[in-house]
Amino acid sequence: MKIVSTIASLKAAVAEARKAGKVIGLVPTMGALHKGHLSLVRKACEECQFVVVSVFVNPTQFNNPEDLRTYPRTLDADTKLLADNTNADIVFAPSVEEVYPEPDTRQFAFGPIAEVMEGKYRPGHFNGVAQIVSKLFYFVEPDKAFFGEKDFQQLAIIRQMVKDLNLNINIIPCPIIREDDGLAVSSRNTLLEPQFRKVAPHINATLRASVFKQTYLTPAETIDWVTKEINSFGNLELEYYSIVDGLTLQPITNWSDSSYVVGCITVYAGKVRLIDNVCYKS
Ligand code: PAF
């Protein structure tokens, strides 16, 4: 496995693989790799003959400077984990100056799917995600790119971006990987102090329990129930819970409004912001 930090060396390695007729896969990450990322990389290695993993903490998608400052950066451990556990071919770990020699002033307009949930609570976040992911797509020109379903709205936005930019890239969704107690695996979990780590599995447990409520509660009543449950545990504070159409990401009023319904949640466990989601029907 090769580690490169410049766009030129990345492009040269990818060009050689493409010349050899290989299917190119890209797994974009911000590092602090864990078993969730490994599952993406393994899937990429199953489906592609040349796999690029990018490791870059993208400053433009953070709307909170403290969050950017404390985001875990563990490149040595990340490359070792990839080398020991996957067949990834190349790690692209550039500096901020390499990726953004000039400030990126592009403004993406994704419409209603970007205006709800994370789009509402983290203004500018998805614009930053689109800036970095589009750059990675231009650098690598992958045949397939792999994203986790934990970031449900991000996945929808990247699909929309690929359509809007007419890119010929197949976006492959990968299922959420969970700890044994149900907590969705996330780089942020390492920041949880013990009293918060202990209660964090209640997020997924509450979402799973809420799926059974749909036989006798409306979506609005289900949101109320989830809100009360989460806030009752102590050490957890719900930021939002939305029950939405899985394609448009717009809130539904009745369960019959859509055949694909997903609940998306954000909870603060102390200072750590955790997200998760659950499918009500598909
Ligand atoms: O999901 C993430 O880790 C990031 O948003 C991504 C897609 C790597 C872009 O920085």
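On a predicted model such as this, the values are computed, not experimentally measured, just so you know. Every number for a ligand or one of its atoms is a count from 1 in the order of the listing.
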query: Between Gln154 and ligand 1, is there a nitrogen or oxygen pair with a distance under 3.5 Å?
result: yes

message: Please check whether Gln61 reaches ligand 1 - meaning an N/O of the residue sits under 3.5 Å from an N/O of the ligand, judged on distance alone.
response: yes

message: Check the orientation of Tyr260 and Phe152. Use parallel for under 30°, tilted for 30 to 60°, and perpendicular for over 60°.
response: perpendicular

message: Can you classify the ring geometry of Phe137 versus Phe147 as parallel (below 30°), tilted (30 to 60°) or perpendicular (above 60°)?
response: perpendicular

- request: Assess the pair Phe62 and Tyr71: is the distance between their ring centroids shorter than 6.0 Å?
  value: yes

task: Considering only non-hydrogen protein atoms, determine which one is nearest to atom 3 (O) of ligand 1 and report residue, atom name and distance to 0.1 Å.
output: Met30 CG, 3.8 Å

query: Any idea which atoms of ligand 1 are less than 4.0 Å away from a heavy-atom of Ile132?
result: 9 (C), 10 (O)

query: What are the atoms of ligand 1, with element, lying closer than 4.0 Å to any heavy atom of Pro28?
result: 8 (C)

message: If we set the cut-off at 4.0 Å for heavy atoms, which region of Ile158 has an atom near ligand 1: side chain, backbone, both, or neither?
response: neither

message: When you compare the side chains of Tyr121 and Thr266, does any donor N or O come within less than 3.5 Å of an acceptor on the partner?
response: no

- request: Consider only side-chain N and O atoms of Asn254 and Ser256, and report whether a donor and an acceptor are under 3.5 Å apart.
  value: no

